[in-house]
Amino acid sequence: MEEKKVMLSGIKPSGDLTLGSYLGAIKHWKERADEFDCYYFMADLHAITVRQNPADLRRRTLEQLAQYIACGLDPEKNTLFIQSHVHEHAELGWVLNCYAMFGELSRMTQFKDKSAKNADNINGGLFTYPSLMAADILLYQPDYVPVGEDQKQHVELTRDIANRFNHIYGDVFKVPEPYIPKVGARIMSLANPEAKMSKSENDDPGRVTLMDKPEDIMRLFKRAITDCDACVRYDPENKKGISNLMTIYSCATGRTFAQIETEFAGQGYGSFKTAVGESVVELLRPIREEATRLIADKAYLQDVCRAGAQKAEYIAQKTLRKVYKKVGFVAK
Ligand code: AQP
């Protein structure tokens with residue numbers, strides 16, 4: 001029997017998952033479970049590159065697992081685990097640090113953005129984040145890494161590191177491809193369509209989280225920033241707010257931009273914003289309800305992540321053993 005291709009991705013439990021996390025990442029993960037051997041994790045090692053409250057981090061990590069499952073990731077079909085439970089991530093991360101160049105790491109947009117936002121805590125982990133991300137990926141030899149547009153640069157660096165390593169030691173790593181969705185790869189804040197909708201931006205009045213109540217979602221959409229043109233038309237250059245809302249509506253309803261333009265022709269923005277809000281309420285309702293149920297069942301969540309870590313570790317160990325041998329470490 002032909003082996004299934006491997007797919008892997010992760011999200012930092014650095015804040016409550018947003019509509020952006022869902023449309024840019026998780027939605028595409030669940031569509032692949034039958035076709036691929038899928039590994040998805042809660043990237044807690046990455047989360048501490050920005051200071052976290054320990055109790056919140058612990059709570060959010062398990063809540064994120066509950067939300068993954070509620071979004072449709074069946075733990076029987078997908079390997080779901082917590083990054084820090086598989087110590088091979090940190091170990092390979094160190095090795096790959098020695099194959100990632102200072103200049104490359106300095107050019108990463110996320111490092112520059114996060115350094116600007118956390119000027120009092122520009123730590124080494126923030127700088128070497130891409131080496132750990134390369135380790136996360138390369139340990140599992142995946143064919144595809146589904147990410148939003150903002151993570152494309154990191155996947156490209158992973159490819160460079162893998163190629164560099166393979167060039168020295170032979171074919172150790174499979175060089176993965178980023179998989180970036182055509183629509184929804186970058187969902188912007190409803191309050192500032194120039195900025196990405198981010199989990200950790202708690203005070204962003206344009207952030208929709210998976211656990212938001214319907215009335216809060218409707219309020220956020222009614223207040224969404226648009227323009228004074230009063231015409232629902234997709235133009236991401238000149239009409240960023242409306243184009244963002246159209247992207248969200250398209251993802252939630254499956255309609256194309258042309259169909260949306262026809263649907264709202266001559267109607268102004270009020271009814272459009274209401275329709276987008278309602279589509280998101282209906283999209284998120286079953287996720288919120290199922291996640292709420294699962295969050296209350298801590299024993300089940302613990303079982304899922306324990307089983308996931310065991311399965312992930314088996315693969316991760318094999319790759320790490322090979323890497324240690326190649327670089328010249330003495331076997332235990
Ligand atoms: N707004 C978004 N639109 C589309 N995709 C998004 N992703 C995140 N936000 C959006 C995708 O989700 C995956 C997980 O991202 P991450 O948590 O590892 O890091 P991030 O991209 O830095 O996410 P945030 O929300 O901005 O977190 P914080 O605020 O902690 O830095 C990735 O595939 C990402 O592309």
Side-chain angles (χ1 to χ4, degrees), residues 7-30 32 38-53 56-57 60-61 63-65 67-68 71 73 82-83 89 108-118 121 125-126 129-130 132-137 142 144-158 176-204 206-210 220 224 236 240 243-245 247-248 250-252 280:
M7 200 140 185
L8 166 130
S9 206
I11 299 184
K12 299 189 292 278
S14 50
D16 297 324
L17 293 183
T18 70
L19 183 63
S21 332
Y22 180 68
L23 297 180
I26 307 171
K27 180 171 183 274
H28 307 277
W29 302 356
K30 70 169 178 188
R32 309 285 151 175
C38 298
Y39 294 80
Y40 300 119
F41 58 97
M42 279 61 72
D44 54 351
L45 296 177
H46 284 286
I48 62 163
T49 52
V50 170
R51 206 64 80 222
Q52 303 290 332
N53 172 301
D56 287 344
L57 180 62
R60 271 200 309 260
T61 304
E63 284 181 4
Q64 190 170 311
L65 172 63
Q67 290 168 7
Y68 279 4
C71 285
L73 299 180
I82 297 174
Q83 186 187 25
H89 287 247
M108 294 294 113
T109 316
Q110 181 170 297
F111 171 67
K112 291 184 204 160
D113 288 352
K114 296 264 179 216
S115 302
K117 280 188 196 152
N118 303 281
N121 184 23
L126 202 57
Y129 184 111
L132 179 59
M133 182 161 159
D136 299 335
I137 297 171
Y144 296 106
V145 183
V147 288
E149 186 67 46
D150 56 315
Q151 290 291 344
K152 186 172 169 217
Q153 201 186 22
H154 286 161
V155 182
E156 275 162 4
L157 181 54
T158 297
E177 295 283 342
Y179 170 84
I180 296 165
K182 288 197 181 68
V183 181
R186 203 168 170 79
I187 301 296
M188 311 309 275
S189 161
L190 303 186
N192 175 12
E194 304 274 347
K196 192 183 83 160
M197 188 185 284
S198 249
K199 287 188 297 300
S200 58
E201 302 285 325
N202 290 333
D203 48 5
D204 173 9
R207 187 182 69 136
V208 180
T209 76
L210 297 190
L220 290 173
K240 290 195 165 59
S243 301
N244 187 39
L245 292 179
T247 301
I248 295 171
S250 170
C251 290
V280 171

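We count ligands from 1, going down the list as the structure has it; atoms in each ligand are counted the same way. When reading the values below, keep in mind they use all heavy atoms of this one structure, side chains included, and skip hydrogens, waters and symmetry mates. Start at 1 with the first residue, then count along the sequence.
Within the structure, ligand 1 lacks Ala43 among the residues with a heavy atom less than 4.0 angstrom away. Residue contacts with ligand 1 leave out Ser9, since none of its heavy atoms falls under 4.0 Å from the ligand. Ligand 1 has no atom lying under 4.0 Å from any heavy atom of Glu201. For His46, the heavy-atom gap to ligand 1 stays at 4.0 angstrom or more.
For the residue pair Arg32 / Tyr179, a side-chain donor-acceptor distance below 3.5 Å is found, with atom types taken as modelled.
Close approach of ligand 1 to Ala185 (heavy-atom distance below 4.0 Å) involves ligand atoms 3 (N), 4 (C), 5 (N). Listed by number with element, the atoms of ligand 1 under 4.0 angstrom from any heavy atom of Gln151 are 19 (O), 20 (P), 21 (O), 32 (C), 34 (C), 35 (O). The Ser200 neighbourhood of ligand 1 comprises atoms 28 (P), 29 (O), 30 (O), with distances under 4.0 Å to a heavy atom of that residue. Under a 4.0 Å criterion applied to the non-hydrogen atoms of Arg186, ligand 1 contributes the atoms 3 (N), 4 (C). Listed by number with element, the atoms of ligand 1 under 4.0 Å from a non-hydrogen atom of Ser198 are 24 (P), 25 (O), 26 (O), 29 (O). Interface atoms of ligand 1 facing Gly24, defined by a heavy-atom separation under 4.0 Å, are 4 (C), 5 (N).
Tested against Lys196, the residues Asp113, Asp204, Asp150, Thr18 include a single side-chain hydrogen bond (donor to acceptor under 3.5 Å, both in side chains) partner, Asp150. Under the ring pair (Phe, Tyr, Trp, His ring centres under 6.0 Å) test applied with Tyr68, the options Trp29, Tyr40, Tyr22 reduce to a single match, Trp29.
Among protein heavy atoms, atom 16 (P) of ligand 1 sits closest to Lys199 NZ, 3.5 Å. Closest to atom 33 (O) of ligand 1 among all protein heavy atoms lies Gly148 N, 3.1 Å.
Counting heavy atoms from C-beta on, the side chains of Arg207 and Ser198 never come closer than 4.5 Å. Between Ile11 and Lys199 the shortest side-chain heavy-atom distance falls below 4.5 Å. Residues Leu8 and Phe41 have side chains in contact (heavy-atom distance under 4.5 Å, counting atoms from C-beta outward).
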Leu19/Cys251 under side-chain contact (heavy atoms from CB on, under 4.5 Å): CA gap, chis, key distance, verdict: CA-CA 11 Å; Leu19 183 63; Cys251 290; over 6 Å; no
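Contacts between Lys114 and ligand 1 below 4.0 angstrom, taking non-hydrogen atoms only, involve the side chain exclusively.
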